[in-house]
Amino acid sequence: MTVYFIGAGPGAADLITVRGARTLARCTVCLYAGSLVPRELLDECPPDARLVDTARLDLDDITAEFVRAHEAGHDVARLHSGDPAVFSAVAEQMRRLDALGIPYEIVPGVPAFAAAAAALGRELTVPTVGQTVILTRVAQRATPMPPGEDLATLGRSGALMVLHLAARHADRVVAELLPHYGADCPAAVVAMASRPDELVLRGTLADIAQQVRAAGVVRTAVIVVGRTLAAEQFPDSFLYSAERDRDSCGRTVPDQDPTSS
């Protein structure tokens, strides 16, 4: 048997990948984050599949489910929202599986920041304006941030920043980023990205926290801060430039990225 960590996507049931849906359809056990994963996705499971909502389970409980399935020879679909690569608590589960000798694979999914960018209708990397995206969060009741990863330090780069799990602390986010980005820096909040109840708030660091409070947004949202959110005056990228030698596109040129701006 194998445990498959499947990225269920940001919320809309049809944003799971084809590979994710096919894997889900053949696993006879499905562990899913009930508060985050759309129920419609469970329709992809086999009719006789064992469905386990992990919303109230701790790590020991989840591990016990893996062991039970392993002993019975049943493949497990472990559904996580977004993509397992970030803020998914998958690492600790894989560590348990390694210790137990239970095989697993990861099936990537559409991350929340990508769905937020789509909702905003923006590319997060714009030539000469911003080519770096920082994915981070703020320290709260959960695990503290490592040294050097506080917002004040990360903000010095001026790079576009996407904050997960931070909507409840919008005032604090603004206070820590203002010295580096300025009050006029574009900011946005996307809650329930890709879902029917999606909410998009647009503004600047001067007013985005007030908008968040007024809308009552406290969870399932990302905060996006950076100049690329409103960039209009920028050069076209080299990718589609008329000056690019397309006859050499198939050749590998050391230290040259044909998509660079």
Side-chain angles (χ1 to χ4, degrees), residues 1-72 74-97 100 102 104-116 119 137 140-143 164-168 189-199 216-222:
M1 61 81 69
T2 300
V3 175
Y4 295 92
F5 292 98
I6 302 173
D14 61 351
L15 280 181
I16 191 171
T17 66
V18 173
R19 180 181 296 183
R22 288 175 176 171
T23 304
L24 185 59
R26 59 183 174 80
C27 289
T28 51
V29 177
C30 176
L31 275 63
Y32 65 99
S35 59
L36 298 171
V37 172
R39 297 285 301 187
E40 303 95 296
L41 277 182
L42 302 182
D43 294 338
E44 301 290 335
C45 297
D48 58 346
R50 172 175 164 77
L51 306 179
V52 181
D53 184 351
T54 61
R56 295 187 176 277
L57 302 186
D58 61 25
L59 184 58
D60 288 338
D61 295 330
I62 292 170
T63 302
E65 290 290 344
F66 292 151
V67 171
R68 175 178 177 178
H70 178 66
E71 292 174 346
H74 295 156
D75 286 337
V76 176
R78 177 65 172 111
L79 274 179
H80 280 270
S81 61
D83 179 87
V86 291
F87 307 119
S88 65
V90 163
E92 61 206 51
Q93 296 175 68
M94 294 189 295
R95 181 169 60 189
R96 291 285 187 98
L97 293 175
L100 293 167
I102 298 176
Y104 58 86
E105 294 182 17
I106 298 176
V107 181
V110 177
F113 79 87
R137 65 172 183 85
Q140 39 186 304
R141 290 182 302 173
T143 308
H164 296 247
L165 313 171
R168 192 183 298 271
V189 172
V190 181
M192 306 294 180
S194 79
R195 304 183 189 190
D197 54 348
E198 175 182 274
L199 174 66
V217 176
V218 294
R219 61 187 298 274
T220 320
V222 295

Which heavy-atom pair separates L24 from L41 by the least distance, and what is that distance?
-> CD2-O, 3.3 Å

Nearest heavy-atom neighbours spanning V52 and R50 = CG2-NE, 3.8 Å

Hey, is the main chain of A12 close enough, under 3.5 Å, to the side chain of S194 for a donor-acceptor pair?
-> yes

Any idea which heavy atoms bring C30 and C45 closest together, and the distance?
-> CB-SG, 3.9 Å

In a check of side chain to side chain contact (heavy atoms under 4.5 Å, CB included) between R78 and each of V107, I6, I62, V90, which one passes?
-> I62

Gap separating the CG atom of L36 from the CZ atom of R219, nearest 0.5 angstrom | 6.0 Å

Does the side chain of R195 reach to within under 4.5 Å of the side chain of T220, using non-hydrogen atoms?
-> yes

Which word best sums up how the rings of Y104 and F5 line up, parallel for under 30°, tilted for 30 to 60°, or perpendicular for over 60°?
-> perpendicular

So do the side chains of D60 and R96 get within less than 4.5 Å of each other, counting heavy atoms only?
-> yes

Gap between atom OG1 of T28 and atom CG of L51 - 0.5 Å precision = 10.5 Å

More than 12 heavy atoms of other residues, nucleotides or ligands under 6.0 Å from CZ of R26: is that the case?
-> yes

Heavy-atom pair of closest approach, residues P46 and C27 | CD-O, 3.1 Å

Here the gap from E71 atom CD to I102 atom CD1, rounded to the nearest 0.5 Å, amounts to 8.0 Å

Separation between OG1 of T63 and CD of E92, rounded to the nearest 0.5 Å | 9.0 Å

Interatomic distance, H164 atom NE2 to S88 atom OG [nearest 0.5 angstrom] = 11.0 Å

Atom pair CE (M1) and CZ (F66), whose distance is rounded to the nearest 0.5 Å = 8.0 Å

Begin with the C-alpha distance, continue with both residues' side-chain angles, and end with the deciding distance and a verdict on side-chain contact (heavy atoms from CB on, under 4.5 Å) for I106 and M94.
-> CA-CA 10 Å; I106 298 176; M94 294 189 295; 3.6 Å; yes

Measure from the side-chain N and O atoms of T54 to the backbone N and O of L57, and report whether any donor-acceptor pair falls under 3.5 Å.
-> no

Closest contact, heavy atoms only, P108 versus P84 = CA-CD, 4.2 Å

Indicate the atoms forming the closest heavy-atom contact of T2 with D75, along with that distance.
-> N-OD1, 2.8 Å

